[in-house]
Amino acid sequence: MPNADSSQLDVLIIGAGIAGLAAATALRHHNVTILEQSRLKEEVGAAIHLGPNAAKIAMEWGLDLNNLNSPETQWYHELGHDGRTHFKIPIFARKEFGAPWLLNHRVDLHNELRRLATTEDGPGKPAVIRTASRVAEVQDAETGKVTLADGEVLSADVIVAADGIHSIGRTAVLGQKLVANRSGHSAYRALIPRERLLENPRALAILDGDEKGMGLTTFMGSDRRLVAYPCRKGTLLNIVAIVPDSEAESSTEEWQVLGDPEKLLDSFKDFCEDAKFILRAAPGCNLWQLREQDPLPTWTKGRVILIGDAAHAMLPHQGQGGGQAIEDAEALGVVFPPSTPSSAVPERLELAQKLRYERATRIQSYSREKALGPKPGEKVVNAQEHAHYNFGYAGARDWAAKQNIELPASA
Ligand SMILES: Cc1cc2nc3c(=O)[nH]c(=O)nc-3n(C[C@H](O)[C@H](O)[C@H](O)COP(=O)(O)OP(=O)(O)OC[C@H]3O[C@@H](n4cnc5c(N)ncnc54)[C@H](O)[C@@H]3O)c2cc1C
Ligand SMILES: *[C@@H]1O[C@H](CO)[C@@H](O)[C@H](O)[C@H]1NC(C)=O
Ligand SMILES: *[C@@H]1O[C@H](CO)[C@@H](O)[C@H](O)[C@H]1NC(C)=O
């Protein structure tokens with residue numbers, strides 16, 4: 001049945017991750033329902049940083065920094081595996097890019113995006129989240145029909161598949177199932193409470209920051225690295241330790257699998273004492289295999305579009321996966337102003353892809369080619385070198401103007 005209010009489209013979003021919640025927020029002027037397979041209790045206990053490109057968009061939506069308690073990156077410090085400083089550079093995210101570079105606890109970011117999507121006092125109307133609602137398949141992309149695991153069939157003007165790296169929406173759009181390739185690296189993750197770092201002043205300083213504030217620290221080895229940054233007001237130190245797959249046979253692509261702290265330490269046995277102290281301080285760790293995804297031939301078919309990891313899963317080396325998901329979501333808001341006719345949906349989804357494909361694919365390929373552990377004789381290129389491209393983004397309208405892409409007149 002068509003939507004009773006002709007200024008609104010019915011939108012079904014598959015997945016209430018960062019991409020899905022952000023899309024729901026960007027589309028609050030339409031009639032949005034999110035279908036989420038889980039019961040949505042807790043996000044994975046880990047941190048996620050958001051560059052100013054994404055923070056700016058989320059702040060325009062009303063992101064409340066007081067709810068996040070996220071330190072802002074004021075510097076980036078790279079050391080060798082031996083603990084000697086390569087460089088420490090100041091970051092002026094607010095001044096240069098107009099928004100902070102936020103170091104978030106995933107649970108806090110997720111909760112805050114959920115608040116933006118569902119709060120009564122936002123623009124338009126709150127999105128409805130249906131939990132424990134797994135979509136079994138996108139039955140028909142052209143007519144916008146999905147089938148839930150319990151057999152219920154739902155239809156909508158727009159289907160946004162924000163269902164992550166194992167996306168079933170992607171299967172419908174591409175007409176085949178894709179499995180991302182192994183990248184050759186795995187990542188251990190842990191959150192370390194401040195109390196466990198008190199005995200080592202250098203480790204504690206990575207958490208507490210310096211007179212300029214807080215920041216990101218990387219101990220860079222030739223084929224492995226340890227990245228550490230504070231989150232939640234500096235009460236927790238987030239660490240990501242990237243190692244060659246060959247040293248982490250037990251790793252899988254699932255997020256919740258526990259890693260072996262002994263093996264983790266063993267992989268970093270040649271690193272300096274401070275790095276090893278930090279690794280030993282971890283109360284446990286998760287381990288997962290980093291996968292890489294070739295750019296897809298298309299993100300859209302009929303009334304379905306892929307966003308976030310479903311469209312362009314990327315390696316984490318630039319910390320842009322969540323950020324690109326938020327940018328995708330913002331672009332959907334731009335291509336679907338109020339009173340968009342349902343008949344225009346397929347072409348508007350093509351437009352959304354046109355707005356987003358080049359940039360997301362470029363960031364995806366930076367994350368893969370440049371930042372992956374170096375081939376012999378190759379230098380590790382760090383995220384900083386792409387900071388201007390990554391961070392200097394001012395939303396889909398600005399992008400369209402610069403690329404001469406015509407946008408629909410907003411109602
Ligand atoms: C090691 C690592 C570190 C990272 N660090 C950063 C970082 O610092 N900064 C950053 O920006 N990004 C980072 N990322 C990437 C980032 O986490 C993702 O890119 C981001 O969360 C976007 O995910 P998403 O919402 O598209 O998918 P997901 O987070 O995977 O969410 C998908 C949602 O869809 C639901 N779902 C799936 N299938 C179905 C179905 N059939 N029916 C109903 N619901 C379904 C899932 O339950 C889930 O809630 C990192 C990733 C990794 C692996
Ligand atoms: C909004 O979408 C839901 C779910 O698809 C539907 O049940 C409801 O009738 C729609 N609301 C309006 C005003 O059309
Ligand atoms: C990824 O794997 C597929 C087969 O599964 C293969 O055809 C493709 O070349 C691989 N891509 C890369 C970049 O290795």
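Numbers here are sequence positions counted from 1. Every number for a ligand or one of its atoms is a count from 1 in the order of the listing.
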Practice problem: Would you list the pairs meeting salt bridge (charged side-chain N to carboxylate O under 4.0 Å, His left out) in which at least one residue belongs to residues 116-134, sequence neighbours left out? | Solution: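 Only R130-E152 qualify under salt bridge (charged side-chain N to carboxylate O under 4.0 Å, His left out).
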
Other residues, nucleotides, ligands: >12 heavy atoms within 6.0 Å of [X] [atom1]:
{"X": "E142", "atom1": "CD", "value": "yes"}
{"X": "K212", "atom1": "NZ", "value": "no"}
{"X": "R202", "atom1": "CZ", "value": "no"}

Which of these, [options], has its nearest heavy atom closest to [atom]?
{"atom": "atom 7 (C) of ligand 1", "options": "I48, I242, L50, I34", "value": "I48"}
{"atom": "atom 52 (C) of ligand 1", "options": "Y229, W288, Y188", "value": "W288"}
{"atom": "atom 2 (C) of ligand 1", "options": "A46, A313, P316", "value": "P316"}

Considering both backbone and side-chain atoms of [X], is one of its nitrogen or oxygen atoms within less than 3.5 Å of a nitrogen or oxygen in ligand 1?
{"X": "I165", "value": "no"}
{"X": "Q37", "value": "yes"}
{"X": "D309", "value": "yes"}
{"X": "G20", "value": "no"}
{"X": "V135", "value": "yes"}
{"X": "G322", "value": "yes"}
{"X": "I18", "value": "yes"}

State the atoms of ligand 1, each with its element, that fall below the 4.0 Å cut-off from a heavy-atom position in [X].
{"X": "H49", "result": "7 (C), 8 (O), 9 (N), 10 (C), 11 (O)"}
{"X": "Q320", "result": "10 (C), 11 (O)"}
{"X": "A162", "result": "32 (C), 33 (C), 34 (O)"}
{"X": "G323", "result": "11 (O)"}
{"X": "G308", "result": "26 (O)"}

Self-check item: Numbering as shown, the atoms of ligand 2 that approach T33 to under 4.0 Å (heavy-atom distance)
Solution: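 Per the distance check, 4 (C).
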
Exercise. Check ligand 2 against N31 and write out every atom of the ligand that is under 4.0 Å from a heavy-atom position of the residue.
Key: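 Those atoms are 1 (C), 2 (O), 3 (C), 8 (C), 10 (C), 11 (N), 12 (C), 14 (O).
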
Exercise. Locate the shortest heavy-atom distance separating H185 from I242; write the atom from each residue and the value.
Key: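 That would be CD2-CG2, 3.6 Å.
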
Quiz prompt | G62 to E112 - nearest heavy-atom pair and separation | solution =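 Between these two residues, the closest heavy atoms are O-OE2, 4.0 Å.
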
Using heavy atoms and a threshold below 4.0 Å, how should the contact between [X] and ligand 1 be classified: side chain, backbone, both, or neither?
{"X": "A19", "result": "both"}
{"X": "S167", "result": "neither"}
{"X": "I168", "result": "side chain"}
{"X": "I14", "result": "side chain"}
{"X": "S133", "result": "backbone"}

Salt bridge or not between [X] and [Y]? Use side-chain N to carboxylate O under 4.0 Å.
{"X": "R182", "Y": "E292", "result": "no"}
{"X": "E327", "Y": "R356", "result": "yes"}
{"X": "K301", "Y": "D140", "result": "no"}

Practice problem: For the pair W399 and Y389, name the ring-plane relationship: parallel under 30°, tilted 30 to 60°, perpendicular over 60°. | Solution: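 Perpendicular, since the angle between the ring planes exceeds 60°.
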
Exercise. On the 0 to 90° scale, with breaks at 30° and 60°, tag the H30-F336 ring pair as parallel, tilted or perpendicular.
Key: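 Aromatic pair H30/F336 classed perpendicular.
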
What do you reckon, does [X] put a non-hydrogen atom under 4.0 Å from ligand 1?
{"X": "R189", "value": "yes"}
{"X": "L35", "value": "yes"}
{"X": "R106", "value": "yes"}

Practice problem: Taking atom types as modelled, find out whether N238 and H49 have a side-chain donor-acceptor pair closer than 3.5 angstrom. | Solution: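 Short answer, no.
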
Quiz item: Going by atom types alone, do D274 and N200 pair a side-chain donor with an acceptor below 3.5 Å?
Solution: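 Yes - a donor-acceptor pair under 3.5 Å links their side chains.
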
Quiz item: Roughly how far, to the nearest 0.5 Å, is the OG1 atom of T300 from the OH atom of Y357?
Solution: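 That separation rounds to 12.5 Å.
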
Quiz item: Can you name the residues that form a ring pair (Phe, Tyr, Trp, His ring centres under 6.0 Å) with F268, not counting sequence neighbours?
Solution: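 Partners of F268 by the ring pair (Phe, Tyr, Trp, His ring centres under 6.0 Å) criterion, ordered by chain and then number, come out as F271.
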
